[in-house]
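Below is one structure, written out as structure tokens; the observations come after it.
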Amino acid sequence: MSAATTATADRLDDLVKQADAARDEHLRAMVAWHFTPKTGTPFWLDWAKEHGVDAVKAVQTFDDLKQLPRFEDEWLRHQPHARWIPNAYAGRPFKVFETGGTTGMPKQRISWEDHLTDYSQFSERLDQFFPGKFPRGAAWMMLGPTGPRRLRLAIEHLANERGGSCYFVDLDPRFVKRAIAEGQPRIAQQYMQHVIDQAATIIRHRDVGCLFATPRLLEALGERMSLPDAGISGVFCGGTSMTPQVIRFLCEEVLENKAALAATYGNTLMGLAIAEPVTAENGYRLTYHAPEPRAILRVVDKTDEETPVDYGQWGRVELTTLTKEFFMPRFLERDEAVRCKPFPGLPWDGVGDVRPLGWETKKTVEGVY
Amino acid sequence: MVFDVPVLRFGEPYESMETLPVVDPRTGETLALVGQANSGLVRRDLLKVREARAALEALSCSELIAMCAKAGESFMTGTLGGMSAEQYVTTLSRTSGLPHVMARRNMAKINTVLSGMDGILRGLTRGLDLSVLDEGVGEQAGVPVSYAATGTALGVVLPSNSPGVNSIWLPAVALKTPVMIKPGREEPWTPLRLIHALINAGVPKQAFGFYPTDHDGADSLLTRCGRGILFGDDKTTRRYADNPAVEKHGTGRSKVILGDDTAEHWRDHLDVLVSSVLDNGGRSCINASCIITPRHGDAIAQALAERLDAVNPSDPADDDARLSAFANPAFAEYIDAAIRGGLESPGATLMTRAERYIQQDGRHYLLPTVVRCDDLDHPLGNTEFMCPYASVVEMPVSEAIERIGPSLAVTFIGGDESLQRRFIDHPDIDRLNLGSLPTSRVEWDQPHEGNLFEFLYRRRAIQRTATPV
């Protein structure tokens with residue numbers, strides 16, 4: 001190992017240590033906030049009382065979160081919103097955001113400014129990782145689920161934060177899911193065409209420089225037009241998992257190796273994790289890093305969920321969200337991923353190759369015929 | 001040796017970052033790594049099929065027919081894509097379970113189509129002068145005719161069970177239609193070999209897509225080429241039930257039906273019954289899965305069972321091999337369980353050996369099975385399995401005509417001309433054999449499961465002034 005690489009490794013180690021310390025400090029502050037009656041959240045205050053746990057004392061480091069229950073997203077379906085309002089925010093009007101494409105009673109998270117904070121931070125990452133590709137002042141288009149999702153307001157905030165504005169084309173994933181479940185794939189396809197028609201029309205008539213789209217919509221839009229020729233230099237893409245082959249296809253063919261692809265992993269419960277820029281050299285593999293210390297992603301053993309897996313191993317994604325608005329300890333996502341090492345720009349663990357839990361089994365079953 | 005099987009995009013190899021292995025189920029050895037096309041890539045390519053078609057249209061049908069014949073020769077004997085003909089047979093046998101003799105028989109069947117393409121097109125077009133397709137307009141029997149293509153290309157979603165099915169798409173090439181193929185998960189070999197053979201023979205490589213892909217990619221192939229052909233079980237084909245641009249090749253439910261006259265002499269036709277059930281290892285949709293007779297059902301079932309009970313697995317290289325092994329053991333287990341489950345419903349008697357699912361030399365087999373059913377509606381009465389299987393049901397012929405439902409191939413052995421006529425008029429039979437012919441006998445100038453020419457071309461009305469405008 002050369003002196004230079006040793007120095008870089010030492011520096012990364014230092015950065016990782018600093019980030020660990022910052023995370024634990026932030027954790028203590030957030031536990032104090034949510035478990036102190038003056039500022040705290042009724043749900044967590046009641047839980048602590050019922051179980052006789054002094055969380056503020058018990059939780060000093062991330063490991064101590066084991067003293068608290070794992071968050072269950074079912075709680076977000078039926079608990080009254082009031083149970084999640086920190087006492088410090090009592091009386092302040094809030095927003096209600098819903099998760100993804102499921103039908104039935106949706107999971108709802110209430111929010112005040114988290115989405116704005118998350119996306120302001122994300123905006124800085126765009127400049128850091130993709131200089132010049134998401135130009136300040138450029139107009140954005142959001143092509144994806146708007147409706148009750150925080151993404152709608154978040155992307156607009158991102159555009160505004162960067163001195164631009166945003167056009168919206170909505171895709172209702174619940175309708176698509178329903179059409180497919182009811183054996184009406186043609187209706188789902190017609191609907192997709194309808195969505196793409198609207199996006200293509202706006203892009204042809206307005207000067208759009210940056211785009212948010214789900215991978216599938218990005219592909220479909222790219223079938224209509226050359227996106228770089230249409231003036232799009234940066235695409236922020238997320239919503240579903242993407243294999244290295246899909247990423248490569250998007251970079252090489254849909255974006256013609258010209259426009260940048262900023263991939264994200266996130267949902268209403270987390271905020272958004274950014275990926276290290278993908279390149280042919282890193283095999284088009286996506287590794288996401290959570291916006292620590294506000295959210296922490298870990299990869300835990302699928303059978304022993306208390307234990308993180310080693311670097312390079314597959315496991316289940318666990319998410320902790322720590323903000324003044326929302327405290328969500330150790331929630332088990334329905335995704336699996338590879339645990340990845342810290343990265344100089346994001347000196348904490350990453351999650352790589354994220355895909356739905358049980359993907360391997362599903363793939364095998366489909367191959368039966 | 002592991003073969004790297006790339007995606008072919010208009011004939012050009014594309015190395016995908018995602019591969020799936022094709023393994024020898026007996027040894028677990030990986031024989032190929034098959035590059036997988038993501039569905040977005042498939043859709044993006046399909047935007048360009050018009051250019052592929054233009055490359056084919058630059059050639060005349062007669063040139064393409066000659067190229068097909070040449071391709072047939074190299075398909076039978078050449079080294080294509082780094083694989084010799086012998087390697088092809090042994091590899092196909094290892095991954096599909098087909099004995100060598102059946103792999104070769106399928107090869108020969110495919111070659112019959114390639115080498116006899118002019119005759120096949122004559123059959124499909126009913127003798128149309130193919131220069132009409134070259135020129136777009138022409139005359140037939142003194143009448144002006146013109147044909148327009150119904151789709152730009154043909155998307156084909158292939159199964160893994162039998163290589164012979166590839167003969168169905170081959171005439172499309174001679175009919176100037178690019179072919180965009182999704183191979184079966186365990187059988188990339190045959191379509192790939194055919195594509196190589198055709199390109200070597202001079203067919204423009206742009207005419208071929210080879211896209212191992214997922215369900216979404218398969219759906220795009222079927223619905224975005226203009227025309228699609230799908231092989232699959234009832235569940236898979238049901239999705240396209242209302243789409244006339246997708247030709248469905250599902251379960252066949254083929255049958256042999258004896259007449260009042262011939263039922264008395266059923267022994268004379270036992271060989272035909274055995275062939276109908278057993279040919280090609282009983283894997284094809286044109287294998288009979290039901291035998292209907294007005295009388296002597298028990299005796300026929302008994303005699304058929306005795307003949308089939310004498311059939312056992314043998315070494316794949318054995319020239320007398322009659323059974324295929326299963327590429328995917330889960331499938332054999334599933335079929336065995338389904339037959340066992342059916343036998344629990346009253347009204348069915350197993351006539352063949354009790355042990356059906358066996359393993360020999362690490363290969364998984366289902367032994368031939370005959371079930372005597374007291375009614376066609378019994379769960380095992382009108383059901384097809386991917387193995388030599390037949391029910392024997394007693395029923396008057398006139399009642400059978402009313403009740404058989406969709407049946408791909410039907411052999412009616414009976415002299416009553418009025419009954420023959422009713423079979424001829426039957427709307428649900430694709431391939432009708434009158435007389436003592438196995439259901440599995442195929443003459444290629446007699447298309448079944450739809451006529452590919454009529455699927456790919458539509459006659460249009462044309463009128464022209466005598467002098468050019």
Side-chain angles (χ1 to χ4, degrees), chain A residues 176 179-190 192-193 196 213-227 237 240-256 278-280 282-286 353 355 359-369, chain B residues 7 9 14-22 34-48 157-161 184-186 212-216 218-220 222-224 230-243 245 250 326-331 333-334 386:
Chain A
V176 174
I180 290 169
E182 288 176 358
Q184 303 275 6
R186 302 290 151 240
I187 289 182
Q189 276 167 14
Q190 278 173 13
M192 291 279 279
Q193 287 308 311
I196 296 299
T214 61
R216 183 67 193 255
L217 289 172
L218 177 60
E219 284 173 8
L221 186 61
E223 286 163 23
R224 289 292 180 87
M225 57 174 70
S226 160
L227 295 173
C237 190
T240 55
S241 61
M242 290 175 265
T243 63
Q245 170 60 26
V246 168
I247 292 285
R248 170 205 181 184
F249 166 73
L250 291 175
C251 291
E252 286 183 350
E253 303 192 33
V254 177
L255 302 180
E256 304 168 32
V278 280
T279 58
N282 66 18
Y284 294 104
R285 291 182 63 183
L286 285 175
D353 297 336
R355 64 193 190 194
W359 181 87
E360 214 44 78
T361 344
K362 274 180 210 153
K363 203 77 172 175
T364 327
V365 172
E366 281 171 5
V368 163
Y369 196 77
Chain B
V7 174
R9 308 176 71 179
Y14 172 87
E15 206 176 304
S16 171
M17 301 183 71
E18 213 172 298
T19 59
L20 282 178
V22 179
V34 181
Q36 301 295 305
N38 53 297
S39 59
L41 181 146
V42 173
R43 282 188 288 275
R44 201 166 174 87
D45 279 3
L46 295 182
L47 299 173
K48 293 180 281 190
V157 174
L158 288 167
S160 289
N161 60 333
R185 166 82 176 73
E186 282 112 15
T213 182
D214 57 13
H215 286 312
D216 189 29
D219 180 71
S220 299
L222 290 172
T223 55
R224 294 192 179 205
L230 166 66
F231 290 85
D233 54 18
D234 290 348
K235 189 169 151 262
T236 315
T237 54
R238 197 175 305 132
R239 187 182 152 114
Y240 301 93
D242 299 331
N243 188 344
F326 274 78
N328 188 337
F331 226 68
E333 263 172 57
Y334 167 80
M386 207 181 84

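All values below were derived from every heavy atom in this structure, side-chain atoms included, with hydrogens, water molecules and symmetry-related copies excluded. Residue numbers begin at 1 in each chain, while the letters A, B, ... track the order of the sequences.
- A heavy-atom distance below 4.5 Å is found between the side chains of R216(A) and D216(B).
- The OG atom of S39(B) sits 8.5 Å away from atom CZ of F249(A), with the distance rounded to the nearest 0.5 Å.
- Residues R44(B) and G222(A) approach most closely at NH1-O, 3.0 Å, considering heavy atoms.
- Atom-to-atom distance recorded for R248(A):CZ and N38(B):CG is 9.0 Å, nearest 0.5 angstrom.
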May I have the step-by-step check of side-chain contact (heavy atoms from CB on, under 4.5 Å) for R186(A) and D242(B), ending in yes or no?
-> CA-CA 11 Å; R186(A) 302 290 151 240; D242(B) 299 331; over 6 Å; no
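- Across every non-hydrogen atom of G40(B) and E219(A), the tightest pair is CA-OE1, 3.2 Å.
- Salt bridge E253(A)/R9(B): present, at least one basic N to carboxylate O contact under 4.0 Å.
- E182(A) meets the side chain to side chain donor-acceptor pair (under 3.5 Å) test with R178(A); sequence neighbours excluded.
- Under the salt bridge (charged side-chain N to carboxylate O under 4.0 Å, His left out) criterion, R239(B) pairs with D219(B), not counting sequence neighbours.
- Crowding of R224(A) atom CZ: a count of heavy atoms from other residues, nucleotides or ligands under 6.0 Å exceeding 12.
- Across L47(B) and E223(A), no two heavy atoms sit closer than the pair CD1-O, 3.6 Å.
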